[in-house]
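To start, the structure itself, in structure tokens.
Residue numbers count from 1 along this sequence. Fair warning: this is a prediction, and the values are worked out from it, not measured in the lab. Both counts, for ligands and for their atoms, begin at 1 and track the order of listing. The analysis underlying the following values was restricted to heavy atoms, covering all of them including side chains, and did not include hydrogens, waters or symmetry mates.
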Amino acid sequence: MEFDLIARHFTRATPGAVLGVGDDCALLAPTPGMQLAVSSDMLLEGRHFSPRDSPAGIGHKSLAVNLSDLAAMGATPRWATLSIALPEADDAWLTAFARGFFRMADLHGIELVGGDTTRGSLTISITAMGEVPPGQALRRDGAQAGDDIWVSGTIGSAALALAYRQGRLFMEQVDAARVLPALYLPTPRVELGIALRGIASSAIDISDGLLGDLGHVLQRSQVGAAIEFAALPMLPAVRAYLHETVARDCVLAGGDDYELCFTAPAHRRDAVLSAAETAGVAVTRIGRITAEPGLALLDAAGQPLPIEHTGYDHFAA
Ligand code: ADP
Ligand code: MG
């Protein structure tokens, strides 16, 4: 039964692997001279998605969040494993889940080479592996005082969509329709991460909120930052709600954006912009790295704004 299910839903040709699904281990041959970038993420029903969410969307998102980690490292996606616990062998659910998963996989050339399948409350754990040339990974510890801070795409949409879904914020239907795709169908910035090799001094993907995730970079790099609130890129459907505290929190600390936040020396601005053009995604300069530690949020006049929440913490009270 379990083997049937694996054969039917998760076994496909894997030309990029020596041996894929079906044996005790997959066999992988990394490109000679490249470093492996490896990342795992776990998604739980009730915490990361709701039982009512579409299975294809869950398949899309569970791989997308792992690809986002590879993107934040500047790695080229190669292989993934998928461990899944599910309450019953629901064929229709698995078919749709696999469709969403493999569509995302095919977009980024990542191959499913193994995993584990067991009965239990719905849990999805993926390990993604990618390759990066030695010394070119975009690490969190490379930001330097004076560097520009950049963000890809727009932020706040996914968190605002969640606030709307949970009834914490009223939104016009037309605005809600514009922000919901960010929550259910995030786009990992894989091409941008690769294009930023040798240009960005540090990078992180925004999964738990801009301020908190940028905070990790500051801590690892032992620097500070000044961010200008008015410079933050957001959809008009998000900007329209900024008079609400909930909406401001969503933009600054909401999470689930899966955009890249990265730093680069000011003399590399043109290189950053052409990398973004190659990758087909907009990037926005939102502030600057400072030698003094701490994170300052400034208004358009350069005056400090209070920071209330910095990000999502699974273990916070
Ligand atoms: P073992 O008992 O040796 O761990 P399993 O019965 O768990 O083997 O898995 C059989 C094969 O199917 C292995 O190659 C494993 O990697 C693969 N596999 C199991 N579950 C999944 C899954 N959800 N997605 C992809 N491959 C899977
Ligand atoms: Mg097993």
Close-contact set for ligand 1 against [X] heavy atoms, below 4.0 Å:
X: G22; value: 11 (C), 13 (C), 14 (O)
X: L112; value: 24 (N), 25 (C)
X: I84; value: 23 (N)
X: D24; value: 3 (O)
X: D23; value: 13 (C), 14 (O)
X: D116; value: 7 (O), 19 (C), 20 (N), 21 (C), 23 (N)
X: G114; value: 16 (O), 24 (N), 25 (C), 26 (N), 27 (C)
X: T117; value: 19 (C), 20 (N), 21 (C), 22 (C), 23 (N)

Quick check: do [X] and [Y] have side-chain heavy atoms less than 4.5 Å from each other?
X: F10; Y: F97; result: yes
X: T263; Y: D148; result: no
X: T123; Y: L43; result: no

Looking only at N/O atoms, are [X] and ligand 1 under 3.5 Å apart anywhere?
X: F3; value: no
X: G115; value: yes
X: V21; value: no

- Cationic N near anionic O, under 4.0 Å, D205 to R189: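 Answer for the salt bridge query: no.
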- Message: I need the minimum non-hydrogen distance between A64 and P186, along with the two atoms involved.
- Response: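 Looking at all heavy atoms of both residues, the closest pair is CB-O, 3.8 Å.
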- Query: Do Q144 and S201 meet the criterion of a side-chain donor-acceptor pair at a distance under 3.5 Å?
  - Reply: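 Side chains of Q144 and S201: no pair found under 3.5 Å.
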- Item | From T127 atom OG1 to D41 atom CG, the distance as rounded to the nearest 0.5 Å |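 Spacing of OG1 (T127) from CG (D41) equals 9.0 Å.
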- Message: As a quick check of understanding, evaluate side-chain hydrogen bond (donor to acceptor under 3.5 Å, both in side chains) for R197 and T76, giving each step before the final call.
- Response: CA-CA 11 Å; R197 286 178 190 162; T76 304; 2.9 Å; yes
